[in-house]
Peer 1: 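Can you keep this structure in mind? I'll have questions shortly.
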Amino acid sequence: MSIVKKPKAISNWYLPGILSGMGFTFKKLIKNLFNPKGMPTLNYPEEHYQYGPRFKGNHVLTVKKDGSLRCTACMLCATNCPADCIKIVASEHEDPTVEKYPISYEIDMLRCVFCGYCEEACPVDAIRMGPEWQTPALNGGNFTYDIQHLAYRPNLKGGIQSRLDDEERHKAGI
Amino acid sequence: MLKCKINGKEMEVPQGTSIIEAFKLSGQDIAHYCWHPGLSVAGVCRLCMVEIEGQPKLQIACNTMVQDGMVINNNSETVKDVVRWGLDFHLINHPLDCPICDQAGECGLQDQYMQFGKYDPEMAERKVKKRKVVDLGPTVVLDSERCILCSRCVRFTDEVSKTHELGIFNRGDRSEIGTFKDRPLDNKYSLNTVDICPVGALTSKDFRFRQRVWYLKTAESICPGCSTGCNVNVYYNEEGLWRVRPRHNPEVNGHWMCDEGRDTYKYVNRKARLLEAKMGHRDNWTLESPGAAAKAAGQKLREVIEAHGPESVALVLTGQYTTEELETAVQKFKGDLGSSLVYHWVNNPESFEDFDGILLRGDKNPNTKGLLKILEQEGVSLTWKDLESRVQQGQIKTVVVAGPENQSVFPDFVEKVNLLAGVENVVWLTACPHSVLDSREKATWQIPLKTYIEKAGSFINHQGKTQSFEVGTVIVSSALTLAEAATLLVGQELEVSSGDRLAELTRKKNFFTETRGAL
Amino acid sequence: MEIKLLSEHYDKPEYRSLEGYKKHDGYRVLAKALKMDPKAIVEEVKASGLRGRGGAGFPTGVKWGFLPDNGEPRYLLCNADEGEPGTFKDRLMMERAPHQLIEGMIISAFAIGSKKSYIYIRGEYDDSIRIVREALKEAYSAGFLGQNILGSGFDHDMDVYVGAGAYICGEETGMISSLEGKKGQPKLKPPFPAVKGYLGKPTIVNNVETLAAVIPVVDKGAQAYRQHGTEKSAGTKLFSVSGNVVKPGTYEVALGYPLMDLINNECGGLKPGRKLKAVIPGGSSAPVLTAEECAQANMDYESLAQLGSMLGSGAVIVIDDSNCMVDLLGVIMHFYHHESCGQCTPCREGTGWLNKIVHSVLSGQGRLQDIDLIVRVSEHMMGRTICALSDAAALPAISFVKKFRDEFEFYVREGRSKVKGAAHVEM
Amino acid sequence: MADFQLSAEGVEFVKAELKRYETPLSAVIPCLYRVQKENQGWVSPESVSYLSQLMDIPEAHINEVLSFYTMFNREPVGRHHVQVCCNISCAMNGARELTHHLCKSFDVKEGEVSKDGKLTITRVECLGSCGTAPMMQINDRYYENLSPDSAVKIIKELE
């Protein structure tokens, strides 16, 4: 697929190219030495880049007002997932208005391709892809995220509330 | 024969055919909910409207008989408009909770709305609230809000099972189906109501929320539950079987099957199966691959025959195997081992002739007729008494038992195993393990066999009708069929099959992609 | 002017008893009829142009002619399940002249060759049930019912069956279902009840007034009966007038009588100071007529059909200008929602939907598009169901909205009625 | 609630009704009336089971009929069941206001039994007395041409 260019005589003569490259580098070096604030790069990991709110990073399972999981275990995300990394086990809920909920919801993060199809497929705003994108773990760390992690990990501070509330829906008679 | 024209297509139908049946015969689509070929006509969903030339009003196709020369269509704008609104009327009080509903994916409302719907809902009022998750009985759960009151289930209990448990209570849009408080929906055919429910109002407790239907593939098979031999569709995925539903066959089971037959998938799944061969005796078992174990058992058989003659070896068969398997087993046993001691294990002789008038029969083997035919063909006429006396006299040193797949319908299972307690070697071919086998004191080979869904063959039902079936899916791939086990037991090698056919069969298309919307 | 073919003696209390009834020529026509050829009676009724007085206006003689000649037992059912809002003529007839009904029924049964008949009376009419039952006892003891009636060799049994409160049982197949001990849900047609009705046997269902009207037809002959009324709507009819008139009640006039005359002459006109706004001429399921239309309306089947309404059961509901049409439609829609049997989807869901839309307008939550939606939903309910209840709900809805659209729009915009002082009362 | 049983005459009545019509099913409505009469004006689920056994008709069928017709009460009612017609002719003549007035006067909510068990006030559809509107039915009797005051007076005079 790559484009092959026929070498011309002038391109065999590489010294001017090297020099102009070095020149550019030195120019930047001098400029950044005197004006470090103008540098476009970050000192990772001390500094973090702030992505936009629509960035599709790590998954979050949203919760209802009472803190229970919003997910109804319809499995549309799992059906839609191109990487086949979502595993859900559904069960009967004791509250007939809820009826169905997942007793297990696991995402294999090592298989996930962050395509966002799960978020798009979700009819009840139960899964979102949040702004977090760092998922480091030590050797042997667990990359299969379960409900506890997806919905209630400490930095979610008690969980993200879903926009769609079933109870309100029931009250409105929809 | 009557001539008629449906949507421009000329066709001939027999006298007494309703228009909707003619539509089905011609293979054209027509929206409907309440009509079911196995039930009486209710004419209440008002969706199967057709235009008949010469009649000013639209007619419902289910209650109008085809007359000679009728010109019928359902693709005019008038009819389409009526069907669109008819579907909207169905949906105005139907909750839009398809994500939760277990019917999603095989729902009549979803399918037909996609095909005929209005796509422009105007209902802005509150929906009628009704009861949700109502326990109707041991097998079925009702969601009244999802019910579209097509009355199929009520007609089923009135006309087919004749148990009259269900009724439609109240009137108007407050109507809901239900049972009366101390008469739950508890009959041997109750799950048929779930099958015929076009929406997710009635769901099976056994299947509910366990799988999404679009994950399941389907295979055609024959129910091994009794000698009726109902035609079934088996729904499976890579984990195993999930449910069994009836497949229409007017000669055998019509549209229905019993609840008992639906449970037969349970012993097929890995959880219930014998996954590896066991050799040895009580508290001293070695695990082995089925093939190797069968070869080892065959070795033992031949040693016994050398020492005590061929009459020291007996074969016990049950009517749970395909005719082809049984034939191979008997032929190998008689021809290659030279023993003529072949016995038929009858599980419940006293109730063999029972019949409940609908489908269920007392003979709980799918292929008793087939076994009898093979035995007759091979000239075997030994009685069970003969085996008993030979065992008691100690003449028999080794017994090969083709044990039942479905052990629960063999009430005399333990008794029969105990009868063979004194026999030195028992080769027990079985799909499922049993604790009585594990506690046998003398040498035993437990060799895993395949179940009905994992093999091809044919059953002969009580009518004498031969029904063939193909491999549906494979759950324990190393297990043997009875024919393979018999071949290995007599010391022959198996023919190696390429496996392509199997792969092709298990990769069959999803049922729903082919028959969506078919109610 | 009233012409009292049927109701001549209704004001006499003794008419209720057998003796009193006989004193006024009662059961004379029966004796005459039993000497006639049954087929001749059917022909006479056909020739008289008598049409069903229950609502649909189907020619009675023609209906009788549909009976198949296959030797099966036949049943005659009298429809006394008078449920159409605004109608109360059958109650009057049963309470004032039960023997008239019984006589008419015996003659009709003789004509169609039925040995068993039922009078299906709505359960709320406790007085009527008691009086008719009493009259049946008298008739049996006097030999008008039972074996060999009046020595003619004709046997007939009659019984009262009491309904239990369902408007839909006034529909003939609904009534048959109810009589069979089921829910009163109408049955699929075809087969029609005249071919397969009660318990699958040929059955004729007629209204109380129709059966009573057979007496004058047989008595004086078809031609005499046709002298009253118009060419296509022959005879007299009892009209139940209710609503905002000075003298509401039941009046028997010849068909074709002008509506305004009925209101102004017989009923004493409107209350002083009030103006006529609308009239529902045939029970709540008939489309409403505006005051201008009323001026042209004659009370017969054709004239009203021409105005887009119908004669129905002859229940004239007079509405004066103190009423809010939106509120009244709310009342009517509530009724049909309450009474829909729940069998056919368009009616079951449609009546509920219409009721909700109208009430959301009444509660001030309405949207302008709701007004058109009422018409659209109604149009799609019509002619789509087993029985006519769906149409009965849709027709008034369409006519109310189309003819009084300004009131509906005002209600949606302002959240209150255009008519001063006509506040909606929560149902 | 204790199991319901019909009186001896009631059982006789049921047996006679079963034979009276061409099909035993037709007896369901008359028998339900009888049960309602003997069970303080309403039909309890227990009595449906009882009737089902007595008549040999499935409970579901009896319950279908019971729930279809409005004249059978499936909830307990007061000794006097006041039913005010609120259909079109009556509504035009103030029946709805009358109902509100009655409910207020006797301090009872619509459809509920009053504290002393005397009254239940419900609105019903057309009772066929449109010419004499507004009207009400108390148990079996019609009271017509009412005014708010006369209606209150009639109910007060009841036992």
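All values derive from a computational prediction rather than experimental measurement. Within every chain, numbering begins at 1; the chains are lettered A, B, ... in the order of the sequence lines, protein sequences first and strands thereafter.
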Peer 1: Does V89(A) reach the side chain of Y105(A), with side-chain heavy atoms less than 4.5 Å apart?
Peer 2: no
Peer 1: Counting only heavy atoms closer than 4.5 Å, note whether R210(B) contacts chain A via side chain, backbone, both or neither.
Peer 2: neither
Peer 1: For a side chain to side chain contact (heavy atoms under 4.5 Å, CB included) check, start with the C-alpha distance between T473(B) and I453(B), then their side-chain angles and the critical distance, and finish with the verdict.
Peer 2: CA-CA 6 Å; T473(B) 178; I453(B) 195 67; 4.2 Å; yes
Peer 1: I want to check something: taking the side chain as every heavy atom from C-beta on, are K118(B) and Y113(B) in contact at a cut-off of under 4.5 Å?
Peer 2: yes
Peer 1: With a 4.5 angstrom heavy-atom cut-off, which part of D143(B) approaches chain A: side chain, backbone, both or neither?
Peer 2: side chain
Peer 1: By a 4.5 Å heavy-atom criterion (distance strictly below it), what part of S91(A) contacts chain B: side chain, backbone, both, or neither?
Peer 2: backbone
Peer 1: Between M257(B) and R245(B), is the side chain to side chain contact (heavy atoms under 4.5 Å, CB included) condition met? List the steps.
Peer 2: CA-CA 7 Å; M257(B) 76 181 286; R245(B) 292 174 104 179; 5.5 Å; no
